[in-house]
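Reading through the structure tokens given below for one structure.
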Amino acid sequence: MKMILLGPPGAGKGTQAKGIAARYGIAHISTGDMLRAEVREGTPLGREAKSYMDKGQLVPDEVIIGMVKNRIAAPDCEKGFLFDGFPRTIAQAEALEKITDIDRVVDIEVPDERLIARISGRRMCPLCGATYHVSTYGSDKCSCGGVLYQRDDDRAETVAVRLTEYHKKTAPLIDYYAQKGKLLTVNGDAPVDAVADEIARELDA
Ligand code: ADP
Ligand code: ADP
């Protein structure tokens, strides 16, 4: 099973990805998490990526494609994988097609005005990558013990740039995968469990 989770920043891709990956026994591959790990470790790739991420812009396609190619060669990807936040441009999707075949693409739809509240209240665990929302989670500690933080690019100034990048460069992928007959669409503007149920129903159908 090789799948893609598509959707704007804040749609709930990371939140849903864990459950889907566990259910199918496949690897969860978040390019955002991979990039943040590179930034934390101060690698050359991380240093290059950071300048784009801080501004809310997409990291260049070549950087991402190289990183993904390496990642899916790892043993935990043998049974399949779920991409979260990749591909984000038509060029990335075309490059992916040359490496492997994708079975399903799940697009999580959420209106922009809802996304802003979700992103600005998001808190993240530096250890396991779990995300929480301030409106529903009272503690500053993750269930794994990590101390939650707010991502630099989740501040209001950067969020607007990220949404513009999404509409200009990533949203065209919806048509791209619809034309290939691979697209499933779910309403992401619903409680977490309801979205999870709809995804499971769509994938089982
Ligand atoms: P993405 O990976 O698509 O950027 P996240 O999964 O990190 O999105 O979710 C963004 C924020 O919205 C997080 O704070 C998360 O807790 C919250 N969130 C996720 N799904 C829902 C939902 N269905 N309803 C309300 N809040 C949600
Ligand atoms: P979100 O789902 O909230 O947009 P991510 O964690 O997926 O956040 O991505 C954070 C940032 O990392 C993006 O704004 C972008 O700079 C970079 N990034 C992640 N994935 C990609 C990708 N596939 N292509 C280009 N840039 C990416």
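Every number for a ligand or one of its atoms is a count from 1 in the order of the listing.
- Residue Glu165 places no heavy atom under 4.0 Å from ligand 2.
- For atom 7 (O) of ligand 1, the closest non-hydrogen atom on the protein side is Arg122 NH1, 2.6 Å.
- Taking every non-hydrogen atom of Thr131 and a distance limit under 4.0 Å, the qualifying atoms of ligand 1 come out as 6 (O), 7 (O).
- At a 4.0 Å heavy-atom cut-off, ligand 2 touches Ile64 through the side chain alone.
- Among all protein heavy atoms, the one lying closest to atom 2 (O) of ligand 1 is Gly14 N, 2.9 Å.
- Atoms of ligand 2 lying under 4.0 Å from at least one heavy atom of Gly85, given by number and element, are 20 (N), 21 (C), 22 (C), 23 (N).
- Of all protein heavy atoms, the one closest to atom 13 (C) of ligand 1 is Tyr132 O, 3.8 Å.
- Hydrophobic clustering (ILVMFWY, side-chain heavy atoms < 4.5 Å, transitive): Ile174 and Phe83 are in one cluster.
- Close contacts between ligand 1 and Pro191 involve ligand atoms 23 (N) [criterion: under 4.0 Å to a heavy atom].
- Counting only heavy atoms of the protein, atom 6 (O) of ligand 2 lies nearest to Arg36 NH1, 2.8 Å.
- Side chains of Asp112 and His167: a donor-acceptor N/O pair is present below 3.5 angstrom, by distance only.
- Contact atoms of ligand 1 toward His133: 14 (O), 16 (O) (distance under 4.0 Å to a heavy atom of the residue).
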- Before giving the answer on side chain to side chain contact (heavy atoms under 4.5 Å, CB included), spell out for Met67 and Thr31 the whole-Å C-alpha distance, their side-chain angles and the decisive distance to 0.1 Å. CA-CA 8 Å; Met67 196 175 77; Thr31 44; 4.1 Å; yes
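- A donor-acceptor pair is defined here as one N or O able to donate and one able to accept, closer than 3.5 Å; such a pair exists between the side chain of Glu165 and the backbone of Leu58.
- Under a hydrophobic-cluster definition in which Ile, Leu, Val, Met, Phe, Trp and Tyr are linked whenever side-chain heavy atoms come within less than 4.5 Å, directly or via other members, Met3 and Ile102 are assigned to different clusters.
- Taking all heavy atoms of Ser30, Ser120, Ala190 into account, the minimum distance to atom 23 (N) of ligand 1 is reached by Ala190.
- Closest heavy-atom approach to atom 19 (C) of ligand 1 among the candidates Leu6, Thr136, Thr15: Thr15.
- With sequence neighbours excluded, no residue satisfies ring-ring contact (aromatic ring centres under 6.0 Å, His included) with Tyr166.
- The distance from atom CZ of Arg114 to atom CG of Asp189, rounded to the nearest 0.5 Å, is 4.0 Å.
- For ligand 1, the atoms lying closer than 4.0 Å to a non-hydrogen atom of Val192 are 20 (N), 21 (C), 22 (C), 23 (N).
- With respect to atom 25 (C) of ligand 1, the closest heavy atom belonging to the protein is Arg118 NE, 3.6 Å.
- Looking at ligand 1, you won't find any N or O of Val195 less than 3.5 Å from one of its N or O atoms.
- Salt bridge status for Asp76 with Arg71: present, with a side-chain N to carboxylate O gap under 4.0 Å.
- Contact annotation for Lys169 and ligand 2: no heavy atom of the residue comes within less than 4.0 Å of the ligand.
- By the 3.5 Å distance cut-off applied to N or O atoms, Lys13 is counted among the residues near ligand 1.
- Looking only at distances, no side-chain donor or acceptor of Lys13 sits under 3.5 Å from a matching main-chain atom of Gly85.
- Looking at atom 24 (N) of ligand 2, its nearest protein heavy atom turns out to be Gln92 NE2, 2.9 Å.
- Between the side chain of Glu48 and the backbone N or O of Thr43, no donor-acceptor pair lies under 3.5 Å.
- Leu35 CD1, 3.4 Å is the protein heavy atom nearest to atom 18 (N) of ligand 2.
- Every atom of ligand 2 is numbered from 1 in the order shown, and the set under 4.0 Å from a heavy atom of Gln57 is 15 (C), 16 (O).
- In terms of polar-atom proximity, defined here as any N/O pair under 3.5 Å, Pro9 makes no such contact with ligand 2.
- From the protein, the heavy atom lying nearest to atom 10 (C) of ligand 2 is Arg151 NH2, 3.4 Å.
- Contact check on Asp204 versus Arg23 returns a salt bridge, with a Lys/Arg side-chain nitrogen under 4.0 Å from an Asp/Glu carboxylate oxygen.
- Ligand 1 lies within reach of Pro8, whose nearest heavy atom is under 4.0 Å from it.
- Side-chain heavy atoms closer than 4.5 Å link hydrophobic residues (I, L, V, M, F, W, Y) into clusters, and following such links, even through other members, never connects Ile65 to Leu96.
- Residue Asp33 places no N or O, backbone or side chain, under 3.5 Å from any N or O of ligand 2.
- In this model, a donor atom of one side chain and an acceptor atom of the other lie less than 3.5 Å apart for Thr100 and Lys2.
- Residue contacts with ligand 1 include Ala11, since one of its heavy atoms falls under 4.0 Å from the ligand.
- Salt bridge absent: Arg47 and Glu41 never bring a charged side-chain N and a carboxylate O closer than 4.0 Å.
- Residue-to-ligand polar distances place Gly12 within reach of ligand 1: an N/O pair is separated by less than 3.5 Å.
- By the 3.5 Å distance cut-off applied to N or O atoms, Arg88 is counted among the residues near ligand 2.
- Pairing each heavy atom of Ile26 with each of Met1, the nearest pair is CG2-O, 3.9 Å.
- Counting protein heavy atoms only, atom 26 (N) of ligand 2 is closest to Val59 N, 3.0 Å.
- A donor-acceptor contact closer than 3.5 angstrom links the side chains of Asp61 and Thr89.
- In this structure, atom 3 (O) of ligand 2 lies nearest to the protein heavy atom Arg162 NH2, 2.5 Å.
- When every heavy atom of Tyr177 is checked against every heavy atom of Pro87, the shortest pair comes out as OH-CG, 3.5 Å.
- Ligand-side atoms of ligand 2 in range of Thr31: 19 (C), 20 (N), 21 (C), 23 (N), range being under 4.0 angstrom from any heavy atom.
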